[in-house]
Amino acid sequence: YLDPDPNPLRFPTRPEEVEIVGTQPITLEQALALARRNNRDLQVAELELARREAELREVRAQLYPTLDASSSLTAQEGIETQTTQIDPTTGQPTIVQEDNAVDFTFGADLQVNYALFTSGRRPALIRAAEGQVRSQELQVEALVEQLRFDVTDEYYDLQESDENVRIAGTTVEQAEQSLRDAQALENAGVGTRFDVLQAEVDLANFRQELTQAISDREIARRQLAQRLSLAETADITTADPVEVSDSWELSLEESIVLAYRNRAELEQQLVQRYISQQQRRAARAEVLPQVSLVAGYGIQDTIDEDDEFRDNFSIGAQLQWRLFDGGASRASADQSEIDAAIAEERFADTRNRVRFEVEQSYFSLQSNFDNIQTATLAVSQANEALRLARLRFGAGVGTQTDVLRSQTELAEAELNLVRAILGYNRSLVALQRAVSNFPTARLTDIR
């Protein structure tokens with residue numbers, strides 16, 4: 001029901017093919033599993049990895065000799081000849097012309113060629129191709145980590161939108177109750193028309209907020225569905241409750257060191273530097289001696305003749321040395337050397353960015369944890385304040401304004417609590433993304 005059509009080229013043409021037919025509650029773990037299986041960007045990265053592996057196999061083929069076979073069939077028209085013969089009857093010489101038949105000649109050749117010495121060009125190209133494979137493996141790893149963060153963050157967005165709808169709905173119900181109370185007091189002669197009008201205005205405002213919250217929830221659902229690459233007709237909602245997900249036991253310094261060890265983006269720059277160095281060696285080898293072994297075997301036979309076929313075998317070595325190429329190989333080597341320097345600078349920049357991401361998430365995690373305690377107490381106090389405001393208004397010693405203000409403060413307190421909890425969870429998953437490979441990383445290695 002949730003998985004997309006296996007045909008990536010499917011193109012709906014009728015409205016019923018894209019109509020949402022059901023909403024399925026899913027947990028965060030289910031969302032992560034769906035993303036790992038269906039996400040298109042990740043599938044493209046894995047296909048690119050398969051292509052890099054094929055490129056490596058292509059380069060490694062240089063370790064083996066090449067074997068070429070060729071054959072030919074040629075036709076040669078006979079040569080017209082003249083001979084002088086003595087006519088037996090007259091005894092006079094006569095000229096006789098003879099036409100030879102067309103000759104067909106068949107030939108076949110086998111040739112073996114092996115690059116015996118390449119001045120380091122072949123191993124450098126192989127190592128560069130191996131580096132490309134490793135770089136793409138790291139790219140897949142980084143995408144998996146980023147996908148985990150994006151899906152989790154959008155799942156929390158959907159949780160927050162669900163809570164906004166719930167709180168806005170509760171606020172509307174309370175505003176409706178306040179309106180009924182104000183109307184009852186007016187009918188009893190102890191209330192005023194002003195209180196009723198004020199309650200009606202507040203109810204209209206709360207209903208508008210509920211409508212906007214419902215719209216935001218639908219957008220959050222479709223955003224997550226798009227990230228998970230779900231079926232055209234499927235929609236989802238959250239099944240997990242809003243609660244603190246986990247705790248972080250590492251110090252800031254331990255988190256930074258762990259991030260330096262785990263982040264694929266850092267290793268990618270080192271691998272790119274290694275690739276550039278190997279490409280530089282390969283470029284320099286272009287103007288160095290190249291030695292190849294060549295062996296050949298061929299046969300040749302003239303069809304329609306009784307002669308046996310002729311064959312020959314040859315073996316030898318070939319030296320090739322490009323003495324001058326206009327500076328092309330030197331320029332190529334310089335480019336690779338610059339690429340290596342760029343990778344070093346990017347490594348330093350990425351290292352600084354990783355540290356900032358860890359610090360930012362760590363400080364945000366701490367502040368949101370403190371906010372959870374404050375917001376929990378505020379919700380309890382707002383509930384009690386609303387209860388007392390209703391009692392005072394019912395007893396005639398309070399005003400409708402006090403009740404409406406207490407309702408607004410309770411809604412704000414509940415929203416603050418939801419935001420504090422989800423803010424903590426977002427900071428935690430951001431910290432895990434900054435560190436990467438968490439919690440599979442061995443924390444004892446840095447303690």
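Side-chain atoms of S135 never come within 3.5 Å of backbone atoms of G131 as a donor-acceptor pair (strictly under, hydrogens ignored). Between the side chain of Q407 and the main chain of Q174, a donor-acceptor pair closer than 3.5 Å is present. Between the W321 side chain and the Q290 main chain, no donor and acceptor come within less than 3.5 Å of each other. A donor-acceptor pair is defined here as one N or O able to donate and one able to accept, closer than 3.5 Å; such a pair exists between the side chain of R263 and the backbone of A434. A donor-acceptor pair under 3.5 Å is formed between the side chain of D240 and the backbone N or O of L28. A distance-only check finds a donor-acceptor pair linking the side chain of N262 to the backbone of S436 [under 3.5 Å].
A salt bridge between R60 and E130 is present, with a side-chain N of the basic residue lying under 4.0 Å from a carboxylate O of the acidic one. For D157 and R426, the salt-bridge test passes: some basic side-chain N is under 4.0 Å from an acidic carboxylate O. With respect to the salt-bridge test (charged N to carboxylate O, under 4.0 angstrom), the residues R387 and E384 qualify. Between R134 and E267, at least one side-chain N (NZ, or NE/NH1/NH2) sits under 4.0 Å from a carboxylate O, which counts as a salt bridge. Ion pairing between E46 and R36 holds under the 4.0 Å rule for side-chain N and carboxylate O. Classification of R346 and D349 as a salt-bridged pair fails, no side-chain N sitting under 4.0 Å from a carboxylate O.
Interatomic distance, OG1 of T171 versus CD of E412, reported as 9.5 Å (0.5 Å rounding). Taking CD of Q223 as the start and OG of S161 as the end, the distance is 11.5 Å to the nearest 0.5 Å. Atom CG of residue L203 and atom CD of residue Q198 lie 12.5 Å apart, to the nearest 0.5 angstrom. Rounded to the nearest 0.5 Å, atoms CG (L158) and CG (D216) are 11.5 Å apart.
Checked options Q30, Q24, R37; the residue passing with L2 is Q24 (criterion: side-chain contact (heavy atoms from CB on, under 4.5 Å)).
Using a 4.5 Å heavy-atom cutoff, the side chains of E145 and F149 are not in contact. Side-chain contact between R148 and V144: absent, with no pair of heavy atoms (C-beta onward) separated by less than 4.5 Å.
For the side-chain hydrogen bond (donor to acceptor under 3.5 Å, both in side chains) test, residues two or more places apart in sequence or in another chain that qualify with E176 are R207. Partners of E337 by side chain to side chain contact (heavy atoms under 4.5 Å, CB included), not counting sequence neighbours, listed by chain and number: R280, D334.
Sorted by first then second residue, the side-chain hydrogen bond (donor to acceptor under 3.5 Å, both in side chains) pairs that include residues 109-122, not counting sequence neighbours, are R121-E286.
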Give the C-alpha distance, both sets of side-chain angles, the deciding distance and a yes or no for side chain to side chain donor-acceptor pair (under 3.5 Å) between Q136 and R52.
CA-CA 7 Å; Q136 189 59 35; R52 292 296 187 187; 4.8 Å; no
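No more than 12 heavy atoms of other residues, nucleotides or ligands sit less than 6.0 Å from atom CD of E58.
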